Amino acid sequence: MKALFVHPGPLLYTNVFLRLEPLGLELVAQAARRARHQVRLIDLQVESHADYHRMIAEWQPDFIAFSCNYLANVPEIVDLAKATRLALPRSFVCVGGHSASFTGPAILEHGEGAIDCVLKGEGEPGIVKLLEAVAGDRSAVAKVPGALTADGEGPRPAFVHDLNELRPARDLVRHRRKYFIGILDPCASIEFSRGCPWDCSFCSAWTFYGRSYRAISPERVVEDLASIREPGVFIVDDVAFIQEKHGFAIGEAIARKGMRKNFYLETRGDVLLRNKEVFQFWKKLGVTYIFLGIEAIDEEGLRKFRKRIPLGRNFEALEFVRSLGIEAAINIIADPDWDEERFRVVRDWCMDVPEVVNISINTPYPGTETWLTEQRRLQTRDYRLFDIQHAVLPTKLPLEKFYRELLHTQRVLYSKHMNWRTTPQLLGLLARNLARGQANFLRGIVKYNKVFSLDTMLGDHARPVHYELPLPPRPQADAPAAKKASQLYIHAPRGRAGRTIDDAAERFVEATRMGASG
Ligand code: B12
Ligand code: SF4
């Protein structure tokens, strides 16, 4: 069959700071290719809807699969599916990915018959079975693990049998030089592990993967890295180097091959402090940026987000990153109940630290515990606003004032990095990128004021809403935490056996998490 894989368009962030290759979709496309289907991929972050329509008109795929990791992309995907149904009435349309897995019934309903199936969970095993059913016995579609159709739901999605057997179909992406993160331009993505053993209440990474954690072998990582031509590499793991020896094994394999890249990774402060040597080693291998989800600058805030890392440890982790000479980027979650004073305190704190600070807005997502327990009513259910840059919960300040404060804070932080001290260095880096024909980040800087403006933000709230996220279920105050969590899982938890970490790391995770689930 001819199968087309589609990544939806950019979100707010993607227009300025970063745009990354659709690694998950490449893996799913490769699984289909291995099953001998003809496969193409289009990434609407870097191509237009007109390109998409041209491609389906010319190539006439039998099967079209959209990747829906981000909730904010749901309306775009539903509209594209409807247009596709009109253009190619006989082709099969499916939607998969992180957010689709948590909102399957609503996506089918919005599609009004244009979406044949939502395929939940990791896509690699499911897509092969789904394509087989679509090509042969269509009545078998509803029995495919992870499939949700108007006729019913298949069994729970299956895990990939062995992550080491997979390779992303990097060759299918047509504009590789368009992917970047800040000055890492161009930048590819790579996976060293999948899943997360922690269970933070605002996050759905762990509920998707059933709190499992699987490591990819150093041999497979090196082989994949060898296929990457870009100098920058984004490590997509939720928490990098949870298991020190895995980090060393990969690093040593890379060093033996003499490979040199500039890496970007994300991790937790307590992991950094526990596994200092591995981060020291990776500094030598080229880690340029470490992103730390500090989330809050006071103990109360941290408790709220259920990250059981004492504040002092987070600051110690920051000190450690600085001591390595690696750039740290920090994320802080702004709560909609922040007032002017709270914003001022945060601004002052951020100005005192040398790091790049990013501020996102506390947003309850389907698939998270906060989604089930958040007592505040949503002030909007417009999918497009669920991008952690818009306030979807009622703000204590009037919305306009809240955005004014937020934008002011973001601008202060942004200009901190564009000041007279950093500008010469930044200009040098931009010039070097330009000389190599890479202007993605420069374009982002130019667009900053247009993207992050009060009028744009308020205008986003005023747009007509065609598709609304269904309301979260009523919170059940008496339901035990474990029961609440178990309702959320996409992949069935396999308990301790599902986590390829040693007992010491498992004990460390237990001591630093707060959940009651397996
Ligand atoms: C790396 C990452 C990023 C990277 C790049 C992501 C990218 N290129 O798309 C960056 C830093 C840019 C990023 C940014 C954001 N992210 Co992000 N990100 C992740 C992270 C940690 C890993 C994603 C990843 O690459 N995984 C590895 C690949 C192999 O897996 P995958 O893409 O999920 O694909 C698999 C399945 O989803 C599925 N699948 C995917 N597509 C399809 C399609 C079909 C047809 C099928 C059948 C299956 C399928 O199969 C794939 C293979 O198994 C996830 C958390 C997580 N563990 O999933 C959060 C996550 C996806 N991000 C999240 C969010 C909120 C964001 C931001 C909005 C804000 C932020 N956190 O910074 C921005 C917006 C990004 C944008 N597009 O503008 C949320 C999503 C919440 C939601 N429900 O919308 C997540 C779940 C994290 C969380 N805290 O809960 N992100
Ligand atoms: S540590 Fe917490 S926030 Fe980070 S990926 Fe794991 S569960 Fe999500």
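As the structure lists them, so they are numbered: ligands from 1, and atoms in each ligand from 1. Quantities reported herein were computed from a predicted structural model and do not represent experimental measurements.
In summary, the side chains of Asp116 and Thr149 do not present any donor paired with an acceptor at a separation below 3.5 Å, with no hydrogens or angles considered. A donor-acceptor contact closer than 3.5 angstrom links the side chains of Tyr179 and Asp43. No side-chain donor-acceptor contact under 3.5 Å links Glu468 and His110. For the residue pair Ser193 / Asp237, a side-chain donor-acceptor distance below 3.5 Å is found, with atom types taken as modelled. Side-chain contact annotation: His98 with Ser204, donor-acceptor N/O pair under 3.5 Å present.
Using a 4.0 angstrom heavy-atom cutoff, Glu21 counts as in contact with ligand 1. Using a 4.0 angstrom heavy-atom cutoff, Cys203 counts as in contact with ligand 1.
For ligand 1, the atoms lying closer than 4.0 Å to a non-hydrogen atom of Val28 are 48 (C), 49 (C), 50 (O), 51 (C). Residue-ligand proximity, Trp206 to ligand 2, at heavy-atom distances under 4.0 Å covers atoms 7 (S). Using a 4.0 Å cut-off to heavy atoms of Leu18, the atoms of ligand 1 that qualify are 12 (C). Short contacts between ligand 1 and Leu25, defined as distances under 4.0 Å to a heavy atom of the residue, involve ligand atoms 43 (C). Ligand 1 places these atoms under 4.0 Å from at least one heavy atom of Ser99: 82 (C), 83 (N), 84 (O). Under a 4.0 Å criterion applied to the non-hydrogen atoms of Glu191, ligand 1 contributes the atoms 27 (C), 29 (C). The ligand atoms of ligand 2 that sit less than 4.0 angstrom from a heavy atom of Arg268 are 1 (S). For ligand 1 and Ile388, the ligand atoms under 4.0 Å from any heavy atom of the residue are 69 (C), 70 (C), 71 (N). Of all atoms in ligand 1, listed by their number and element, those nearer than 4.0 Å to a heavy atom of Ala65 are 45 (C). Every atom of ligand 1 with a heavy atom of Asp387 under 4.0 Å away is listed here by number and element: 68 (C).
Atom 6 (Fe) of ligand 2 lies under 2.8 Å from an N, O or S atom belonging to Cys196. Residue Cys203: an N/O/S atom is found under 2.8 Å from atom 8 (Fe) of ligand 2.
Considering both main-chain and side-chain atoms, Gln45 never comes within under 3.5 Å of ligand 1 through any nitrogen or oxygen pair. Annotation: Arg194 places an N or O atom under 3.5 Å from an N or O atom of ligand 1; distance criterion only. Note: an N/O pair closer than 3.5 Å links Glu124 and ligand 1 by distance alone. Residue Asp238 places at least one N or O, backbone or side chain, under 3.5 Å from an N or O of ligand 1. At a 3.5 angstrom cut-off on N or O pairs, Gly123 counts as close to ligand 1. Considering backbone and side-chain N/O atoms, Ser67 comes within less than 3.5 Å of an N/O atom of ligand 1. Residue Ser204 places at least one N or O, backbone or side chain, under 3.5 Å from an N or O of ligand 1.
Using bins of under 30°, 30° to 60° and over 60° for the plane-to-plane angle, the ring pair Tyr52/Phe66 lands in the tilted bin. Note: Tyr489 and Trp206 have perpendicular aromatic rings, judged against thresholds of 30 and 60 degrees for the angle between ring planes.
Minimum interatomic distance between Gln30 and Ala169 (heavy atoms only, all atoms of both residues): OE1-CB, 3.6 Å.
Of the heavy atoms in Tyr70, both backbone and side-chain atoms come closer than 4.0 Å to ligand 1. Counting heavy atoms closer than 4.0 Å to ligand 1, residue Phe66 contributes backbone atoms (N, CA, C, O) but none from C-beta onward. Looking at Leu27 against ligand 1, only its side chain comes within 4.0 Å, counting heavy atoms.
Here Phe241 and Trp282 bring their ring centres to under 6.0 angstrom of each other.
How far CD1 of Ile332 is from CG of Asn358: 9.0 Å, rounded to the nearest 0.5 Å.
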Practice task
Take His461 and Tyr403 through the side-chain hydrogen bond (donor to acceptor under 3.5 Å, both in side chains) test and state the conclusion after the steps.
Solution key: CA-CA 12 Å; His461 282 263; Tyr403 279 145; 2.5 Å; yes

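Comparing Gly9, Ser193, Gly97 against atom 48 (C) of ligand 1, the shortest heavy-atom distance belongs to Gly97. Considering Leu71, Ile190, Asn69, Thr363 only, the shortest heavy-atom separation from atom 32 (O) of ligand 1 involves Asn69.
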